[in-house]
Structure formats: C-alpha cells, structure tokens
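Down below is the structure, laid out as structure tokens.
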Number of protein chains: 2
Amino acid sequence: MTAEPDSALHTDAARPSRREQILQAAARLFAERGSRSVGVDDVGAAVGVTGPAIYRHFASKDAMLAEMLLRISERLLAGADQVVADAGEDPAAQLAALVAFQVDFALDNPALITVQDRDLGALSDDDARQVRRLQRRYVERWVAVLAALHPQASTADCRARAHALFGLINSTPHSAGRLSRSAMAALLTAMATTAATA
Amino acid sequence: MTAEPDSALHTDAARPSRREQILQAAARLFAERGSRSVGVDDVGAAVGVTGPAIYRHFASKDAMLAEMLLRISERLLAGADQVVADAGEDPAAQLAALVAFQVDFALDNPALITVQDRDLGALSDDDARQVRRLQRRYVERWVAVLAALHPQASTADCRARAHALFGLINSTPHSAGRLSRSAMAALLTAMATTAATA
DNA sequence: CGCCGACGTGAACGGTGGTTAACATCCCGG
DNA sequence: CCGGGATGTTAACCACCGTTCACGTCGGCG
C-alpha cells in the first residue's frame, strides 16, 4: 500500500516533518516495549535529538500517545465508511471490503495495531473516552454488516464476532514476517471470511 | 470450569494462601492498567495489606510478574499435551480438543490472557527467554496438528494460522461479558474451527 | 512461659524519568 | 543587516515508586 511501515500516522505523506518523525518513531518504540517503558530520551534518540526537544512539538508524552491513538481511530473509522460505501449494497461484498481494509491496515501498520490495544489504559480519562468512542463506532460498522449477514444473530453476538475477527486479523504483529505480505494477506482474508460467515 | 476467575494461577486451588491472593490480585490489576502502571501499593491494597508487605512473599515486583507468566505458559503447554494425547490420532479431533482447551482457558482467565501478551516485554531478558521458549513449544503443538490437517501448507503458513486462531480466541477480554459463557464458547469454537479448516 | 519465625507497618532511601528553565543556533523576512 | 521565531541542548528540579530498614505483633512449639 504505502512505502514505509506504520505510515498511517502521516497527515501529509510527502516529506515527514520532525513532528511526524517523532510520532512514527514513538509508535515503533511503544509497540516494542510499551509506552510506560519508553523514555522521552529514547524517543528523541530515535530521531536524532535529545529528550526535551520533544516538548517543542508536543505538550507532553501523554499528548503524544493521545494524538497517536486518536489518529489511528479516526483513520480506521473513516476508512471503514469509505470502503463500505464503495462496496455497494451487498452485505457479503461489504464484509469483504471491511476485511480487506483491516488486513491491509494491520499488515501496513503492525506497530500501531499493537499500541492501540495495549496502551489505551495509559491515556487520560478524557482522551481514553474519545478514543473509545471512535473505536466503538468502528466496531458498529462491522456489527451492522455482520447483522445483515446473520439475521438470526443478536447484536451482542455480532459484536463478539467482530472482536473475534479483529483478533484474528490483528494477530499479524505476533507472527512477524515469516510469510510474504501477499501470502499473509491471502491467508488472513480467507480465514476471516470463512470465520465471519460460519 | 473453576469457580473464581483467573484461577489458573492457583497451585492448590483449595484455600488460596496470601501469596496466591497477591498473584491473583496482581493479575487483575496488571490486566486492567498494565504492570508498569500498577504500584506495589496498589497490589497490596487489593489484598488488604500495605505495599512493602509484598516483599514477604516475592523477591521483587518483577519476580511476581515472572512467576505469573511462567505459570501461565507451563499450564498452557501441559494442557495442550494433555488434551492432544487424550484426543487420539485424528488430527481433526486433536484440533477440536486444542480449540476447546484454549477457549476454556481464555474464558476462565481473561486477565491472564491480557497480561501474557502485553507484559512480556517487562520481564528480564532471562525470564522473557524462558517464557518465550514455553510459548513457542505451545505454538508448535498447534502447528503440528494444523500441518496434519493441511499437508500442502508450509510450516510458516501453519504458524501464522495458529497465531491467527489465538488472536481470534483470545479476543474474549475485548468483548467483555455481553454474551453468556456458553454462548461465547460456542461462537468462538465454531469460528475457530471453520477458520482453521479453511 | 518464652523464644522464634512468619507476617505486617511506617519511615526513609535512591534511582528513574517527565518536565521546565536558561541559554545557543539557525534561518528567514523586513 | 538585524530581529525574532523555530528548534535544540544541557542542567536542574521534582515527583513517583521500588526497595530496604527498624520495629511491632502474634501464634505455635519446645
């Protein structure tokens, strides 16, 4: 999809500003060791500056994480709306589009996937609420499609289904790179699709 | 399966000693907020003592986490060996047994599931290596069964499949309790089985 | 009874790490 | 050319937290 990994953070993908470099480096480090275990100095060093230089670009370390998670959530939600709209009326086609989108995102942004579900708890109550709202809306897009595919299933059932599919697709950071990207995409797509229609 | 949640930590399930109480409370707190964000005072308070009292039972906070993760990994591996042996020679039956086992474990010990894949990085290199070795052996049990079911698939392929199935089944902590335990078990089992044989 | 080990407490210590302050550098617009 | 804003650096500050210490209590056992 895009050239560099975890590029979903970039607002303008042209030439990454120092600010974007920091966000991307932080995402990688946070994914590897957890946000609490990564010092400001580590993030700075990763982009060639000292720790306090971060504060020229972000109000705090927490603000960094908050912006990171908010951007991911917003991007996912916007993407879901996009691909569902483009898929037409057929629920099966909509599901296929959602799966393809999530698979692409997971393969392109493994670090963001990891950080998003690990460091949500490190956010302030306010930021966490906002991220959770976006995530919930994203899940609802899936639930709507799954409900159309399983008319007899309850909403709670569809929600659990959606989370199970996320878990399946987002497993990519765990099985790191032994398979080619295309093979991985094909495998995950096949498994997710059959699991969704079970 | 067992009465209290995340009871897989208990060595003797009879009357939990103070030591076991601490481990279980710590597991819950670690799962909720991450081990780095939980102070020893928090763990102590959760069992009705002050922070330093912890050191009457554990050498350090890290040792607590290490024992927690080691126990989980050992228990999973032993369980896998058990159920595979009991399932006979049929790969399909073996897979069904593994799935049922993992589903039961995930539903019984949501906190442990969360901690295991979130706080591995907080361990010392030595402890982390040990846990990873056990986890790898557990994965290999799955890979062996999946390879028997998919003779044409490569080992890397089967490994990715296994991780995907773990992600699917271990999604339970995310879709918390809107569904009954039995409904959840049935749903996850069905999805995992169809995804595995796709 | 009297000792001793198990268990717990409050106080103190020390390192780590986020954050700020004070001071340079560089570049661009007037 | 000069001034100011953007960007960095080093040093210092301060809060938090894991850990240790000195002390107290209590229950069992010789």
Side-chain angles (χ1 to χ4, degrees), chain A residues 11-12 14-69 115 118-128, chain B residues 11-12 14-69 115 118-128:
Chain A
T11 310
D12 82 285
R15 190 185 14 151
S17 66
R18 174 56 47 94
R19 195 167 194 278
E20 301 303 321
Q21 290 178 37
I22 292 174
L23 267 183
Q24 192 172 339
R28 207 192 61 243
L29 292 173
F30 287 0
E32 283 168 6
R33 323 207 299 259
S35 70
R36 303 296 295 238
S37 304
V38 174
V40 186
D41 291 346
D42 299 328
V43 177
V47 298
V49 299
T50 59
I54 302 288
Y55 292 84
R56 297 293 172 191
H57 305 277
F58 296 94
S60 71
K61 189 186 157 189
D62 288 337
M64 235 174 70
L65 180 63
E67 180 167 339
M68 205 160 97
L69 295 191
V115 173
R118 175 163 77 201
D119 292 86
L120 218 180
L123 257 50
S124 75
D125 291 356
D126 213 55
D127 289 328
Chain B
T11 310
D12 82 283
R15 188 186 15 149
S17 68
R18 173 56 50 95
R19 195 166 195 278
E20 301 302 323
Q21 291 179 37
I22 292 174
L23 266 183
Q24 192 171 340
R28 207 191 61 242
L29 291 173
F30 287 1
E32 284 168 4
R33 321 207 301 257
S35 70
R36 304 297 294 237
S37 305
V38 174
V40 282
D41 289 346
D42 298 328
V43 177
V47 298
V49 298
T50 59
I54 302 288
Y55 292 84
R56 297 292 172 191
H57 305 278
F58 296 93
S60 69
K61 188 186 157 189
D62 288 337
M64 235 175 71
L65 180 63
E67 181 167 339
M68 204 159 99
L69 295 192
V115 174
R118 177 163 74 195
D119 292 80
L120 218 181
L123 256 51
S124 75
D125 291 356
D126 213 56
D127 289 328

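Bear in mind that the values here come from a model prediction, so they are computed numbers and not experimental data. Every chain is numbered from 1, with letters handed out A, B, ... down the list of sequences.
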Less than 3.5 Å apart, which donor and acceptor atoms pair up between the side chains of residues 47-66 of chain A and the rest of the protein, not counting sequence neighbours?
from  : atom 1 : to    : atom 2 : distance (Å)
A:S60 : OG     : A:D62 : N      : 3.4
A:S60 : OG     : A:A63 : N      : 3.0
A:K61 : NZ     : A:S35 : O      : 2.8
A:K61 : NZ     : A:V38 : O      : 2.8

What's [X] touching, base or sugar-phosphate or nothing? Going by heavy atoms closer than 4.0 Å.
X     : value
B:V40 : base
B:V47 : nothing
A:V43 : nothing

Whole-Å distance between [N] [atom2] and [X] [atom1]?
X     : N      : atom1 : atom2 : value
A:R18 : C:dC27 : CZ    : P     : 14 Å
A:D41 : C:dT19 : CG    : P     : 12 Å
A:D42 : C:dG17 : CG    : P     : 8 Å
B:R36 : C:dG18 : CZ    : P     : 10 Å

*Would you name the heavy atoms of A:V43 and A:A26 that are closest together and state the gap between them?*
CG1-CB, 4.1 Å
_Over all atoms of both residues, closest heavy-atom pair of A:A122 and A:R36_ = CB-CD, 4.4 Å
*What residues, two or more places apart in sequence or in another chain, satisfy salt bridge (Lys or Arg N to Asp or Glu O under 4.0 Å) together with B:D125?*
none
*Kindly write out the residues that satisfy salt bridge (Lys or Arg N to Asp or Glu O under 4.0 Å) with B:R118, not counting sequence neighbours, or none if the list is empty.*
none
*For DNA chain D, which nucleotides open and close the run of contacts to chain A, 5' to 3', at under 4.0 angstrom from a non-hydrogen atom?*
D:dT7 to D:dA11
*Presence of B:T50 side-chain N/O under 4.0 Å of C:dT9 phosphate oxygens OP1/OP2*: yes
*Nearest 0.5 Å, what's the CD1-CZ distance between A:I22 and A:R19?*
8.5 Å
*Rounded distance (nearest 0.5 Å) linking atom CG of B:L69 with atom CG of B:D127*: 9.0 Å
_Contact list for DNA chain C against residues 118-125 of chain B - heavy-atom distance below 4.0 Å_ = none
*Which residues, if any, of residues 51-59 of chain B bring a heavy atom under 4.0 Å of DNA chain C?*
B:P52, B:A53, B:R56, B:H57
*Do B:L29 and B:E32 touch side chain to side chain, with heavy atoms closer than 4.5 Å?*
yes
*Answer whether the closest heavy-atom distance between the side chains of B:D42 and B:R33 falls below 4.5 Å.*
yes
